[in-house]
Amino acid sequence: MIRERQTPMREQPPEERIRNFNEVPLGYTADEAIREAERCLQCAHAPCVEGCPVGIDIPGFIEHVKQRRFAEAIATIKAANALPAVCGRVCPQEVQCQGVCTLAKRFEPVAIGRLERFCADWEADHEACCPAVGAPTGRRVAVIGAGPAGLTVAGELRRAGHAVTVFELLHAAGGVLMYGIPEFRLPKAIVQREIDALCDMGVEIQVNRVIGQIRTVDELLSDGFDAVFIGTGAGLPRFLGVPGENLNGVYSANEFLTRTNLMRAYRFPEYDTPIKVGERVVTVGGGNVAMDASRTALRLGAKASIIVYRRSDEELPARREEIHHAKEEGIDFQLLTNPVEFLGEGGRVRAVRCVRMELGAPDDSGRRRPIPVEGSEFEIEIDTAIIAIGNGPHPLIPQTTKDLEVNRWGNIVADPETGQTSKKGVFAGGDIVTGAATVIEAMGAGKRAAAAIDAYLSETGS
Amino acid sequence: MYKILEKRTLGPMIREYVIEAPDVARVAKAGQFIVLRLHERGERIPLTIVDVDPASGGVKLVVQEVGKSTREMGDRFHEGDNVLDFAGPLGIPSEIERFGTVICVGGGLGIAPLYPIARDLHRAGNTVIGIIGARTADLLFYEAEMSAVCDEMIAMTDDGSNGRKGFVSDPLREILASPRRIDRVWAIGPAIMMKVCSEVTREFGVPTIVSLNSVMIDGTGMCGGCRVEVGNAARFACVDGPEFDGHQVDFDLLISRQRYYAEEEACALDRYMAEQKGAAQR
């Protein structure tokens with residue numbers, strides 16, 4: 001008899017967690033994990049594996065969990081995924097592995113993400129399993145950007161025996177995992193642990209390296225790197241383009257989250273970087289980043305944290321779990337609402353003027369186009385606004401690389417299957433190619449690019 | 001870790017550092033900047049590059065100790081010590097061409113980033129007129145360095161304690177009003193000084209470049225915190241600048257945005273001073 005519902009995961013209660021930055025879901029115990037693993041049907045055709053952008057042997061690792069063979073379980077995951085503790089937490093499993101789980105046709109799907117997280121966390125408390133590294137091939141690969149795409153490429157190629165050097169612009173590796181996703185959703189110590197595991201495999205990570213300036217992509221190739229992977233991710237934030245947006249107190253989500261996560265502004269003045277929040281905060285946007293920013297604002301002391309989104313609940317692009325957590329924490333969702341102007345006083349924002357929207361005919365994206373309702377303008381008094389409507393590509397590499405084809409938005413043009421760019425030996429993947437997407441999609445692109453780079457290195461064998 | 005190769009005092013609370021960063025020293029050009037972080041809890045501090053020595057790998061910077069982090073750097077980081085992080089070069093280099101006659105105006109700390117620009121303009125065959133100024137004689141530095149790379153040099157202090165008494169915009173106006181042909185002006189210093197200089201040059205229709213020091217976090221084209229309005233469009237000082245057309249910059253917005261964290265900066269500085277005092281008493 002199959003249990004219809006997932007084994008629940010304990011969470012910090014909302015009233016408690018909005019006062020701290022600790023992780024919200026607390027993870028499974030071993031017994032809870034085994035209980036959940038028992039729900040897996042071990043389907044022969046394993047649709048879940050198809051649904052996983054990095055192709056983890058999901059039934060395989062779940063069977064190990066069921067048999068209490070946790071070391072084997074994590075080894076199985078790590079054979080396909082270098083960042084399991086991260087993916088178990090931030091992947092949108094509901095539209096990937098769990099979305100296609102056979103059980104989901106009638107019941108709740110197997111909680112694959114929670115099981116993945118359990119295995120990764122179990123490993124942290126026990127002997128780490130360092131994936132086998134192949135015999136040295138004598139080939140060298142440069143990876144630009146130590147985010148999800150770059151780290152995946154690094155792990156895969158290192159495992160194949162290539163020497164890998166990762167160049168990171170910031171002072172810490174991890175990319176969006178470090179600067180973007182908040183501590184309460186993805187503890188930074190966990191990200192660091194996964195990065196350390198890559199270093200243990202022999203991946204070399206150099207931080208504070210401004211590639212494009214200190215060395216161009218072409219120079220890296222002439223320096224003796226046999227291939228280059230560009231995974232430089234998101235860059236400058238998009239703004240609404242409405243009046244008053246440059247007032248003090250109007251942040252991009254990137255700035256707000258970078259101050260908080262990477263620079264630890266929530267511990268100012270113990271840490272040097274400050275942040276200002278005030279009592280009333282509006283976050284504009286409906287994606288995961290908007291949820292992260294609005295929930296961060298609460299934890300920084302906001303009394304009211306409001307999300308303003310121009311479409312309806314149904315169209316919110318954020319994961320349902322994030323929306324659910326945000327609502328539990330008391331985030332006020334002002335849907336079908338769009339900002340038209342920020343109003344200031346003494347250079348500082350004091351209110352946002354919004355207009356109500358209604359949904360009209362579908363637009364190019366297939367979603368119904370929001371149309372302003374005439375005469376519906378109103379003001380929301382605020383101390384801080386956060387604009388979370390996306391990013392352009394990071395500008396540095398396209399700016400400094402000759403003959404690298406980019407599209408009209410500045411994203412690098414790369415083959416979706418291989419990551420091959422317009423330059424020989426140069427591959428790219430992640431947000432720098434696709435525009436803002438998810439961690440696991442970037443990792444999937446990294447995995448495909450790594451396979452293509454490996455093939456390229458064999459073809460061009462020395 | 002990046003070693004401090006040299007440290008010297010240029011004036012009260014003004015210090016010059018040479019920090020070992022060979023990658024940066026090899027390629028950095030006038031007008032670019034770096035970001036450094038002193039220690040694990042430190043903020044990312046953007047500083048414009050003053051000079052580089054590819055042979056020794058040294059990058060020269062001048063720091064004015066105006067806040068907690070810069071004070072801490074002055075008090076606790078000495079020759080032979082290391083700073084934790086150092087990344088660069090960032091930003092677009094100054095456009096160095098043979099323009100003809102160029103006036104380089106530096107106010108206060110702005111003299112430091114102005115120096116390599118004046119030097120490179122001079123090397124490119126321009127006639128360079130230097131105007132440097134500070135509140136008082138103690139705070140005026142690089143007089144000799146600037147004199148060496150300028151065909152004419154005018155020093156100014158607000159109180160007349162060194163050179164002429166007055167603001168840097170005074171001789172700027174005099175020269176522009178004279179029959180001499182001036183092809184371009186660089187003005188680097190406090191926002192208000194760059195604003196005044198840009199207003200003066202606008203009257204005479206002389207193209208003017210300013211270098212904007214807005215508040216930055218990453219400094220690499222990611223956070224958008226350093227945005228400024230130039231010609232009514234939002235631009236980012238870190239990747240579109242730091243140099244912009246002074247006649248197009250909204251300086252009032254820049255000044256307002258620079259002051260946003262004044263309270264927090266004061267709080268951090270007070271806390272640091274109290275800590276220093278406590279340490280001295282023990």
Side-chain angles (χ1 to χ4, degrees), chain A residues 168-172 175-176 179-180 206-210 212-216 219 232-239 241 245-259 262-265 267-276 344 346-348 387 391-396 399, chain B residues 2 21-24 26-28 32 34-45 67-69 72 84-92 215 217-229 234 236 238-240 250 252-253 255-257 259-261 263-265 267-268 270-272:
Chain A
E168 168 58 41
L169 189 57
L170 294 174
H171 59 259
V176 72
Y179 73 73
Q206 297 186 9
V207 295
N208 296 320
R209 289 288 179 273
V210 188
Q213 295 273 6
I214 59 169
R215 295 311 269 165
T216 63
E219 286 167 332
T232 48
L236 291 167
R238 295 216 172 84
F239 288 92
E245 209 167 15
N246 295 327
L247 285 164
N248 281 324
V250 182
Y251 286 97
S252 74
N254 261 10
E255 182 184 358
F256 192 79
L257 292 171
T258 300
R259 280 181 183 268
L262 181 68
M263 306 311 297
R264 308 279 161 107
R267 292 173 67 182
F268 177 85
E270 193 190 330
Y271 281 70
D272 288 340
T273 304
I275 194 161
K276 270 193 207 287
R348 186 164 181 184
I387 313 296
N391 296 87
H394 202 281
L396 264 181
Q399 251 178 24
Chain B
Y2 302 82
D23 285 348
V24 182
R26 208 166 37 77
V27 297
Q32 294 188 295
I34 58 92
V35 167
L36 70 77
R37 204 166 69 114
L38 296 175
H39 50 68
E40 206 45 64
R41 293 182 175 189
E43 58 189 330
R44 293 173 65 90
I45 310 170
K68 186 256 174 184
S69 298
E72 188 179 10
L84 183 58
D85 296 299
F86 191 99
L90 296 161
I92 297 173
V215 175
I217 297 296
D218 62 297
T220 68
M222 200 187 77
C223 85
C226 66
R227 63 193 187 277
V228 288
E229 274 182 31
F236 301 93
C238 66
V239 288
D240 298 328
D250 182 341
D252 295 336
L253 178 72
I255 292 167
S256 163
R257 286 183 67 83
R259 287 183 186 153
Y260 186 47
Y261 291 99
E263 252 172 77
E264 286 75 11
E265 283 159 11
C267 150
D270 287 351
R271 189 172 176 273
Y272 171 75

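Note on naming: letters A, B, ... go to the chains in the order of the sequence lines (proteins, then strands), and numbering restarts at 1 for each one.
You'll find the side chain of B:H39 reaches within 4.5 Å of the side chain of A:D272, heavy atoms only. Side-chain contact between A:F268 and B:C267: present, with at least one pair of heavy atoms (C-beta onward) separated by less than 4.5 Å. At a threshold of 4.5 Å between non-hydrogen side-chain atoms, the residues A:H171 and B:V35 do not count as touching.
Looking at A:L257, neither its backbone nor its side chain comes within 4.5 Å of chain B, counting heavy atoms on both sides. The contact between A:P274 and chain B is made by backbone and side chain atoms together, counting heavy-atom distances below 4.5 Å. Looking at B:R259, neither its backbone nor its side chain comes within 4.5 Å of chain A, counting heavy atoms on both sides. At a 4.5 Å heavy-atom cutoff, the contact between B:Y2 and chain A is made by side-chain atoms alone. Residue contact with chain B, scored on non-hydrogen atoms closer than 4.5 Å, involves the backbone of A:E245 exclusively.
More than 12 non-hydrogen atoms from other residues, nucleotides or ligands lie less than 6.0 angstrom from CZ of B:R26. More than 12 heavy-atom neighbours from other residues, nucleotides or ligands sit within 6.0 angstrom of CD on A:E219.
At least one donor-acceptor pair under 3.5 Å links the side chain of A:K276 to the backbone N or O of B:Y260. With hydrogens and angles disregarded, no donor-acceptor distance shorter than 3.5 Å links the side chain of A:R264 to the backbone of B:R41. For A:N254 (side chain) and B:M222 (main-chain N/O), a donor-acceptor pair under 3.5 Å exists by modelled atom type.
Listed here is the closest heavy atom pair of B:V239 and A:P395: CG1-CG, 4.1 Å. When all heavy atoms of A:E255 and B:Y261 are compared, the closest pair comes out as OE2-OH, 4.3 Å. Pairing each heavy atom of A:V210 with each of B:P89, the nearest pair is CG1-O, 3.8 Å. Residues A:Y271 and B:E40 come closest through the heavy atom pair CE2-O, 3.8 Å. Across all their heavy atoms, A:I214 and B:V24 have their closest contact at CG2-N, 4.3 Å. Pairing each heavy atom of A:Q213 with each of B:Q32, the nearest pair is OE1-NE2, 3.2 Å.
Distance CZ/A:R259 to CD/B:E43: 9.0 Å, rounded to 0.5 Å. To the nearest 0.5 Å, the span separating CD on A:Q399 from CG on B:D240 amounts to 8.0 Å. A distance of 7.0 Å separates CG in A:L396 from CG in B:L90, rounded to the nearest 0.5 Å. Here CZ of A:R215 is found 8.5 Å from CG of B:D23. Values are rounded to the nearest 0.5 Å. Separation of atoms OG1 (A:T258) and CD1 (B:I217) is listed at 8.0 Å; rounding is to 0.5 Å.
Checking A:N246 against B:R257 by side-chain atom types alone, no donor-acceptor pair falls below 3.5 Å.
Put simply, of A:G241, A:A234, A:G249, the one with the most heavy-atom pairs under 4.5 Å next to chain B is A:G249. Chain B forms the most heavy-atom pairs under 4.5 Å with one residue out of A:M263, A:R209, A:E270, and that residue is A:E270. Counting heavy-atom pairs under 4.5 Å between each of A:I387, A:I275, A:N248, A:L170 and chain B puts A:N248 at the top. For the set B:A21, B:A234, B:G224, the entry with the most heavy-atom pairs within less than 4.5 Å of chain A is B:G224. Among B:D218, B:L253, B:L38, the residue making the largest number of heavy-atom pairs under 4.5 Å with chain A is B:L253. Counting heavy-atom pairs closer than 4.5 Å to chain A, the top residue among B:E264, B:K68, B:E229 is B:E264.
Using cut-offs of 30° and 60° on the angle between ring planes, the pair B:F236 and A:F239 is parallel.
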Requested in this report: Report the C-alpha distance between B:R227 and A:V250 in whole Å, list the side-chain angles of each, state the deciding distance to 0.1 Å, and finish with yes or no for side-chain contact (heavy atoms from CB on, under 4.5 Å).
Outcome: CA-CA 11 Å; B:R227 63 193 187 277; A:V250 182; 3.9 Å; yes
